[in-house]
Each structure stands twice: as structure tokens, then as C-alpha cells.
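What follows is a set of notes on a single structure, which appears directly below.
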Amino acid sequence: MAEPTLFCLRVRYRETGRLRYLSHLELLRALERLMRRAQLPYAVTQGFSPRIKASYGPALPVGVASNDEWFDVWLQELRPASEYLERLRAAAPSDLMPLEAAYVDTHAPSLSASLVFSSWEATLGIWPDVCESWPYATPTLADIEAACQSIVHDGSLTYMRNGKPKTVDLEHKLERLPQVSASQEKDTWATITFTTRASNEGALRPDVFLDAVAMRLTDSLTVQGAKQTEHVLPDSNLSVSSRKYFRIAIVRLAQYLEGEDGEWVRPMQH
Amino acid sequence: MITIRDRINLWPRIEQLLDCIQKPSRYIDHEFGAVKKDEASFRCVLIYPDTYEVGLPNQGLAILYNILNQQEDIACERAYVPWIDMGDLMRERNVPLCSMESYFPVASFDMVGIQIPHELAATNILETLDLAGIPLFARDRAQEDAIVCGGGPSVYNPEPFAPFYDAIMIGDGEEVICEVAGCIKELREQGAPRAKILEALAAIDGVYVPLLYDEHTDALGRIYVTPKEGSPAKACITKRLIPHFADTDPLTSCLVPYVEVVHDRLSIEVLRGCARGCRFCQAGMTYRPVRERPSDQIVASVICGLQRTGYDEVSLTSLSSTDHSTLEKTLRRLNALLSGSATSVSLPSERLDSFGLEMAELVAGEKKSGLTFAPEAGTQRMRDVINKGITEDDLMNTVRAAFGAGWLRMKLYFMMGLPTETDEDVLGIADLCGRALELAKSCVPGPKKSAVKISTSVAVFIPKAQTPFQWCAQTEREEVLRRQKLLASAMPKGVTLHYHDHKASFLEAVLSRSGRELAPVIAEAHAKGARFDAWTECFDLNRWHEAAQACNVDIEARATVPFNTEDPLPWSHISCGVSTRFLKREWQKAQEGILTPDCTMHGCTGCGVCPTLKGQNVLEGVRRG
Ligand code: SF4
């Protein structure tokens, strides 16, 4: 029997609000269920435990939101992408809303390998109800800028992962250096934007970077009271005590493929 | 001043904790299919006393959640017990337990339902109340406090937990939950005093209000109860029954979690009740009579449920789904309808005979991962005592057919310490497994022989209320350990042997066989840090021994001293419809090794359920024995 022709539908969606707390596996399961509810004519994989034939973009850390996530699904029936998009939207929770859909070449390189650039926007502030026990002076934009710069200057970052220290080399991982600007939001000190570049050696996790910024801040600020927060390494399991004070909200703004000359290419343009 | 009785959305305070704990997605609500009814004035919250992962798939609560939300002006929400890291952090930050949908404090709800799923949930029931800020004992609750209701599989000896509840519903909950909620709603609107509400609840069929009973203590310190004079409390609370089960909505679990939960699939309850009559089995007594859903209804609800939820698996659940008279037809129809959609069908347990294996083949397709059977005992004599109507031939034929058909792994469940058990019966488990392994290997072609695996799990027998063994004791610990060693030494090489933790089984026996005298022990154990006792990594029997000592209750005796068949039992005032006369007769027949057939395949055996509950077995076709 000849292989049936399949069509690759590329879908952009957001992962916002509370659903930023989904783990990567939870997210994949939610997307699969979404495709089933939308009754897409999906192709299935071979084998004893067949699954929907689909592939997904790089994982978001737990707690980080995104306006620009992607998946590809292989379909058995060609219909206008807009029709499938509508079906998906009707079956989706609003925090996991599909935003765009278009067909791409079935031989396009996988999303997980090709989406190398991620631009991030983070806000750094303090939880309102711990404001009073905050032992430090309120950081200025200059303090925060200095904290970012000192990390970049170090060239590497050590953090805790599952109880063990892990070091990332920052070289080639920061495509655009952190920009610090004032934030309009209440109880928020600053907005930090930066762009990371993933490679075979991995990527810089935005939450790890922000935790590190927060830790540097507590090192550099003057203590108002006698109490000082515990000095620990930023921890990718988010169990650090600093998170009890710092309110860190991170959003992935956009992802890009790398063009032939290293330029940024939107995933639909492929 | 804001109190925990104010309906304030606490999400911002929860959100703030989520960066500091494991698995934050347990606490975020917003699942597909969750119901939000902001406008309803009367609010219930149903709580499963364990983590989200364990509680969400619970079908009983899913049924009641749907039913209550269909009522006008009643909203029903859910809550689960936060895992230890979150629970501790909530205490530290002064955040009370809140519901999922609205994030209102649990204490602000009119009706708080906490399920009683099994005995080891005892301390988690208290963890729930404690985190919610509701007084643990019903007697300490004030007028404004929520009415705390219970129900579920483990209410047939409710006594150890009874003092924590204002009302406990016995039996099928579909109707009684609406009557209870309606009663509380009406009286609350009238501003009735709490005592009046409890009296009105006690007048509802199937509702037990523990505060309305007098306590009597026997010579061994066991408490049994009788109705307070002049109160509407009933001398015997008989379970509620839904005789027309097929009229209930089979589509209950349409709430699709993000977190990977313990049963991460669509569940369709295909029948209720089991009449095989295994004498150790509480559910086999308490869910009678047997009521099957028609095949058409099952197929339609599976297809509709899968489309609505997007699950890739459906489980046809019940105590014994393979007994459904038209199961084969149903499975063949489902297989045809679902082919090519990467969707699978599963059955919760396998029946140990050729038909059971055929059905296992039907659901497994090409994926033959492993089979699970429960012979329960090693010798024919012992199996006859417990009325497990299977023979060694049944097992061997199944082994031959299964390994011949390509399965390579089989797991067998046994019990140890059953009434009348001797060393010969214990060694019989080893013999049986040895013969099964040999046969299995002979059925598999040469190169695959080494992949053949038979594993066993051996639990300690726990005598349960409302069964023919309710008067029996649990075997003492030293003796259990001796028998475990004996079996381990005789088990043939190549059969893996796993023992279920005997300490947890001991506590389960204590909680199954005690009266109200145990409630203070549970409270003390919780105060000493006991919670999540059903989780091996959290369970510590020492806390319980210390608590029992502090309360001066001999828990050892609770497990290991038998009841005389003429004694009043702590649970005598609760009835599942099975008569004590029948249980005594069964106990007698057990001792003589006489079998009692299944009334869905042979004639009525006179258990008393049908006349007492005005119901009957409802079968779609003819059952295959
Ligand atoms: S009364 Fe008879 S038919 Fe009904 S459940 Fe009992 S044994 Fe079966």
C-alpha cells in the first residue's frame, strides 16, 4: 500500500495565565487532547502504542508564560488552515489559545531543533504582602542593570538543579543582552528584555537568569533591618527562598528560526 | 475584619506560593470542563482527602459534582489536600484551604463534603478540616460553621471517623446528595439553628448523624451506639440504592486535568455491584444488587465522552466489568468504532478464566504488556473458604492460553492470614506459582523463555465490616512475619515476591474494626504529624502507637481480638442490605469450605439485599459463568 499523502499544519498558540505552570509533558498532553477534541484528521504513528503524529517546539520552563509557542501536526486531509484553526480555537481553553495556522513543507526541519532564538520579557518586583518584611532598600533601575551586567561579565552562571550545582557558559547564549527599563506595573521594579540563542550545548533558562539577577540584588543592596535572606544559589526547581520575596514574571515574546546568514526568521516563513 | 468564612477569592495568595513548591499545576484549576457557577447562593465543595492526582479521577465525586451543579441555585466546587510542601507553606503563610473553581476558603461553603474513600484516609480527613480552619470534631462546631458531610466506599463502619462528620450518607449518592443539600439550603435560608439542621438531616433515608447517638462501651473499651431518645435518629441506617442505574448519566468525568493523574483516562461505569460473593470482599457485599448498563448506552457514552474530553483512552469501570453480560459485543463495537484513532479501551481487572483472557485480548490488540489476576489463595481448600470460585485448572488453562498467545508477564495477587489458614495454604501459594511458571515457560518458544515473568503480590488479610469475616481477627504481626518468611523460603526462583506493607494493613484493620473510641487516636496521630498514611513514604506506624498510648486505646486488640457473633458490633446500626443472618450463614459455610454461587448466574442465595432495598439484579443478557 502506498504511503498516504500527509499535510503538515503549523500552529502558533499562547500559553498564558495559570497555564504557565504546566510542565512540558503536561502541555504536550493538553495539546494532544485539544487536537482530539477539535477532531483534526490527524495521522497516527506506527507501533503498538500509536500516538498523534505531531511535533512540538522547545520546552518552556514551569512558571514561564509565552505568546509564541508552536507545534506541527500531520493531517490526512487537506482543508483550509483557517478551518482547522477555528476548530482548534473552539476546543481550546483561553490560556492555551491557538493564534495562527498555516501549512508548511512536510520536510521542514523540526521545530524543537530549529527554533533557536527566544526573546523574553521579565518583570521583577516584590510580592505585595511581604513588602513590609523586605529587609533591603528598594532597588533602582541602576542596581538592577548592574546586577544583569555583573552576570554577563562573569560569562557563566551556576545554579542548583535537582540539588546539584550546574554551570552554564553564557558565551553565544545571549543573542541580545539584557535591557532594563522602568515598569508601569504596581509593586514591580523593572522590566528586563533579552534574547537567548539555543545551541547543541543547551540554552540559558530565562528563569535561572532572573533568579540570578534577584540573588545579585540581595548581595548588593544595603540591608535595612538586621535580617538578611539566606544566600543560596538560584535553583531551577524554584524552591529558593528568594522567590518568597521576589515576584518574577517571565513571558516568551517570540521565537525565531535561524536563517542562512544567521538572521531571525519567523516559523511560518519557512 | 476578614475571616475564613468570607467568600473571597484567594487565588492571588495561592499564586504567590506556587514558585516555591513542587508540581504547581496541581493547584491552578482551569481544567477543561470545570464548572463555574458564580451566581449560585448555596455553595458546596466536595473534597477528596488526598492529592489532586489521586482525587481528580474519583468517579464517585465526579458523579456528585455533576449532579449538584445541575441543581438550580446550587454550585458545587472541588478541593483536594495540598501535598506536604504546599500544606506547610499555607500554614506558614496563613492561607486556608480553598476550593479550586472560585478559590473561596473551604470554611466559607455552606456544605463541605469530604469523601471517605478508604480507612487510611483518616488523618487526611483531619488534615483537610485543619487546613480549612473548621473544628475537627462535629461537637465543637458553631452555628456558622459549615455542615461537614461524608460518604463513599468506606462508610460501612463509619465509627472511627463518625465524630468528625455532621452527617454521613450511606450507599448510592446520586439522590441523597440532592436531598441533603436541599435540606441544608432550606433550613439555612430560614436561619434554623444547627441542631435543627442535623435533626432534619437524620430524618432523610440513608443519612447518619453521629451526634444524635448515645455511646456505650463494652468490657474491651469498644464503643457501640444507639439512637438518642427523642431524636429522629434511626436505629438502623440502611444504604440508599439507585435501582434504575441505567437512568443515571454515564458521562461523569468530563473534567480533563493537565496534571497526570492516577487514572488519566475517560471512565465509564458499565455496571454497579458484584455478586460473586467472595467472603473477604466488602465491596462485593455493599454494592449489591448488580445493575448493568445496556451496551448501546455504553458505546454511545464512550464515543461522546472521548469527543468531548479528547482523552486517548477509555476505561470500562466497575467491580467486575468482565462479568457484564454483553461485554464482548460492547468491546467489539468499540474496537470497530475507534480503530485508526490511536485510542485504547481498558478494563480495570481481569477475570481468571478463558473468557477473561478473550476479553483481555480484545482490549490489548497487539500490545501485550502484562496480565493481572487474583487467585487470592494458594490451595483449593483456602479458595473454597473465601468463596473464590476458581480452580487450579482455571489458572493453568489461563496461563497456557495467555503465554501461548504471546503474553510474557503475569502478576498474581494473593492474601495471607485468611481465616483458617495453615502453613500448608501458605506454601500452596509457592507451589501454585511454581507450576504456573513452569507451564508458562513451556508455552513460550525457546529464545523468549527468559523473558517470561511471573510476579506475585501478597497482602495481609484485613477483616472488614459487613462481610462474612467481620467477626474475625487479623493475624498477629509475629505470626504474619513468620508466614512471610516461610513463603519467601519456598517461593521458586524466577517468581518475584512482593509483600504489601503489613504495618499499613495492621492500621487498616484497626480502622476497619474499631468504634468511636478511635476518633481521638486519629486526631492525636494527626497532631503528631500523621497525614498521607496511604503513601508509603509518609506512613509511620510509630506515630499511631504513640497516639494510641496517649489516648489509652489498645489498638493491638482492635485488630487482633475477634468479635463473638452475638456481640453488638460498632457498625451494627449501619446496613448495606445484606442481612446479618446471611453473613453468619456464610461464615459457617466458610468454615466448612462450602461454596455459595453467584446470584447473577444461578439462583438467589438469600442475602437479603433485594427485598430490603426493593431492588433486583438488572442484567442486559445472560451471564457466562
Ligand atoms: S437478594 Fe438474592 S438476588 Fe438479590 S443480591 Fe442477594 S443473593 Fe442476589
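All values derive from a computational prediction rather than experimental measurement. Letters A, B, ... mirror the listed sequences (proteins, then strands); counts begin at 1.
Between B:Val259 and A:Arg29, the closest heavy-atom pair is C-NH2, 3.5 Å.
Atom CZ of residue A:Arg37 and atom OH of residue B:Tyr311 lie 9.5 Å apart, to the nearest 0.5 angstrom. Rounding to the nearest 0.5 angstrom, the gap separating the CD atom in A:Glu26 from the CD atom in B:Glu260 is 8.5 Å. Rounding to the nearest 0.5 Å gives a distance of 6.5 Å between CZ of A:Arg51 and CG of B:Asp312. Between atom CD1 of residue B:Ile21 and atom OH of residue A:Tyr21 there is a gap of 8.5 Å, rounded to the nearest 0.5 Å.
Qualifying ring-ring contact (aromatic ring centres under 6.0 Å, His included) partners for B:Phe403, counting only residues two or more places apart in sequence or in other chains: none.
Heavy atoms closer than 4.5 Å to chain A are found nowhere in B:Asp85, neither backbone nor side chain. Contacts between B:Ser341 and chain A at a heavy-atom distance below 4.5 Å involve backbone atoms as well as side-chain atoms. Proximity to chain A is absent for every atom of B:Glu313, based on heavy atoms less than 4.5 angstrom apart. If you measure heavy-atom distances from B:Leu89 to chain A, the contacts under 4.5 Å come from the side chain alone. Only the side chain of B:Arg93 has a heavy atom closer than 4.5 Å to any heavy atom of chain A. Of the atoms belonging to B:Tyr258, heavy atoms from both backbone and side chain fall under 4.5 Å from chain A.
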- Stepwise, does the side chain to side chain donor-acceptor pair (under 3.5 Å) test hold for A:Arg36 with B:Thr309? CA-CA 8 Å; A:Arg36 285 173 187 269; B:Thr309 59; over 6 Å; no
- Dump the intermediate steps for side chain to side chain contact (heavy atoms under 4.5 Å, CB included) on B:Glu15 and A:Arg247, then the final yes or no. CA-CA 10 Å; B:Glu15 184 180 26; A:Arg247 176 178 198 156; 4.1 Å; yes
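Side chains of A:Arg18 and B:Leu18 form no contact here, defined as non-hydrogen atoms less than 4.5 Å apart.
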Donor-acceptor pairs under 3.5 angstrom involving side-chain atoms of residues 85-97 of chain A: please list them, not counting sequence neighbours.
{"unit_1": "A:Arg87", "atom_1": "NH1", "unit_2": "A:Ala38", "atom_2": "O", "d": "3.4"}
{"unit_1": "A:Arg87", "atom_1": "NH1", "unit_2": "A:Gln39", "atom_2": "O", "d": "2.6"}
{"unit_1": "A:Arg89", "atom_1": "NH1", "unit_2": "A:Pro98", "atom_2": "O", "d": "2.6"}
{"unit_1": "A:Asp95", "atom_1": "OD1", "unit_2": "A:Thr16", "atom_2": "OG1", "d": "3.2"}

